[in-house]
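Basis for what follows: all heavy atoms, side chains included, without hydrogens, waters or symmetry-related copies. Numbers here are sequence positions counted from 1. None of these values were measured; they are calculated from a predicted model.
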Amino acid sequence: QLQLVESGGGLVQAGGSLRISCEASGGTFTGYTMGWFRQPPGKEREFVGAITWNGATTNYRESVKGRFSISRDNTKAIVYLQMNDLKAEDTGVYYCAGTALGVATTTESLWPRWGQGTQVTVST
């Protein structure tokens, strides 16, 4: 089973940038579409973005388009989320997820593999 471990979260000022990472192990990384979700304080978890196995297709929630970028290194089994121009509303716990589906689905129930999450806090 694919195991996922996030890293790189922290405190950043509004307008700043942060890159978080997710390292996968225990499975065939290229067999998975990888995604990022987040849970803002007091709210439900929400889709942020996803990338298919070869990076050919990405999908983002509307509020992060043009600011966030997902990439993956299949040789290292790592997926990244580059976050630029961060806003206070980007604060939350960010989760890495994996699905064997070949599409960058936004539906949370279709993502069976999850990391433990990493906190991102944007200060104003």
Side-chain angles (χ1 to χ4, degrees):
Q1 295 280 20
L2 197 69
Q3 305 294 320
L4 303 172
V5 178
E6 302 94 337
S7 62
L11 176 65
V12 62
Q13 288 190 335
S17 297
L18 192 67
R19 189 179 77 164
I20 57 178
S21 304
C22 171
E23 186 169 357
S25 61
T28 303
F29 188 63
T30 53
Y32 288 83
T33 293
M34 299 302 297
W36 289 96
F37 289 73
R38 67 187 181 189
Q39 187 165 20
K43 298 183 179 180
E44 294 188 350
R45 192 158 55 185
E46 60 189 22
F47 174 81
V48 174
I51 185 169
T52 51
W53 76 273
N54 59 356
T57 301
T58 55
N59 188 18
Y60 299 94
R61 71 179 295 109
E62 193 64 34
S63 63
V64 308
K65 286 181 180 178
R67 300 189 298 120
F68 288 15
S69 178
I70 296 176
S71 61
R72 62 190 293 162
D73 185 337
N74 287 340
T75 66
K76 298 180 180 178
I78 297 178
V79 61
Y80 303 98
L81 179 66
Q82 177 68 44
M83 302 181 286
N84 299 324
D85 189 23
L86 281 159
K87 305 177 187 300
E89 52 264 40
D90 294 320
T91 292
V93 179
Y94 281 69
Y95 297 90
C96 176
T99 178
L101 293 178
V103 294
T105 179
T106 64
T107 306
E108 184 174 332
S109 62
L110 297 178
W111 295 83
R113 310 306 305 167
W114 292 87
Q116 83 289 350
T118 186
Q119 177 71 45
V120 173
T121 303
V122 183
S123 65
T124 56

Minimal heavy-atom distance between Glu6 and Cys96, with the atoms involved, is OE2-N, 2.7 Å

Please check: side-chain N/O of Thr57 versus main-chain N/O of Thr52, any donor-acceptor pairing under 3.5 Å?
no

Starting from Leu101, can I reach Leu2 by hopping between I/L/V/M/F/W/Y residues whose side chains sit under 4.5 Å apart?
no

When you measure from the centre of the six-membered ring of Phe29, is the NZ or CZ of Arg72 closer than 6.0 Å and no more than 45° off the axis?
yes

Starting from Leu110, can I reach Val103 by hopping between I/L/V/M/F/W/Y residues whose side chains sit under 4.5 Å apart?
yes

Let's go through Met83 and Val120 carefully: what are the C-alpha distance in whole Å and the side-chain angles of both, what is the deciding distance for side chain to side chain contact (heavy atoms under 4.5 Å, CB included) to 0.1 Å, and is it a yes or a no?
CA-CA 10 Å; Met83 302 181 286; Val120 173; 4.0 Å; yes

Looking only at heavy atoms, the pair that brings Pro112 and Gly98 closest together is CD-O, 3.2 Å

So which pairs with a foot in residues 71-102 pass ring pair (Phe, Tyr, Trp, His ring centres under 6.0 Å), sequence neighbours left out?
none

Going by side-chain hydrogen bond (donor to acceptor under 3.5 Å, both in side chains), name the pairs with one or both residues in residues 15-29, residues two or more places apart or in two chains.
Ser17-Asn84

If I compare all heavy atoms of Leu86 with all of Arg67, which pair ends up nearest, and what's the gap?
CA-NH1, 3.9 Å

May I have the step-by-step check of side chain to side chain contact (heavy atoms under 4.5 Å, CB included) for Arg38 and Val64, ending in yes or no?
CA-CA 12 Å; Arg38 67 187 181 189; Val64 308; 3.9 Å; yes

What are the two closest heavy atoms between Leu4 and Gln116, and how far apart are they?
O-OE1, 3.7 Å

Heavy-atom closest contact (Pro41 atom, Gly92 atom, distance)
CD-CA, 4.4 Å

Met34 side, atom CE; Ile70 side, atom CD1 - distance, nearest 0.5 Å:
9.5 Å

To the nearest 0.5 Å, what is the distance between OG1 on Thr91 and CD on Gln119?
7.5 Å

Hey, what do you get for CG (Leu81) to CD1 (Ile20), rounding to the nearest 0.5 Å?
4.5 Å

What distance separates Lys76 NZ from Asn74 CG, expressed to the nearest 0.5 Å?
12.0 Å

Can Thr106 and Asn59 be said to form a side chain to side chain contact (heavy atoms under 4.5 Å, CB included), step by step?
CA-CA 8 Å; Thr106 64; Asn59 188 18; 3.4 Å; yes

Please list all pairs meeting ring pair (Phe, Tyr, Trp, His ring centres under 6.0 Å) that have one or both residues in residues 34-55, counting only residues at least two apart or in different chains.
Phe37-Phe47, Phe37-Trp111, Phe37-Trp114

For the student: nearest non-hydrogen atoms of Arg113 and Tyr32, plus distance:
CG-CE2, 4.1 Å

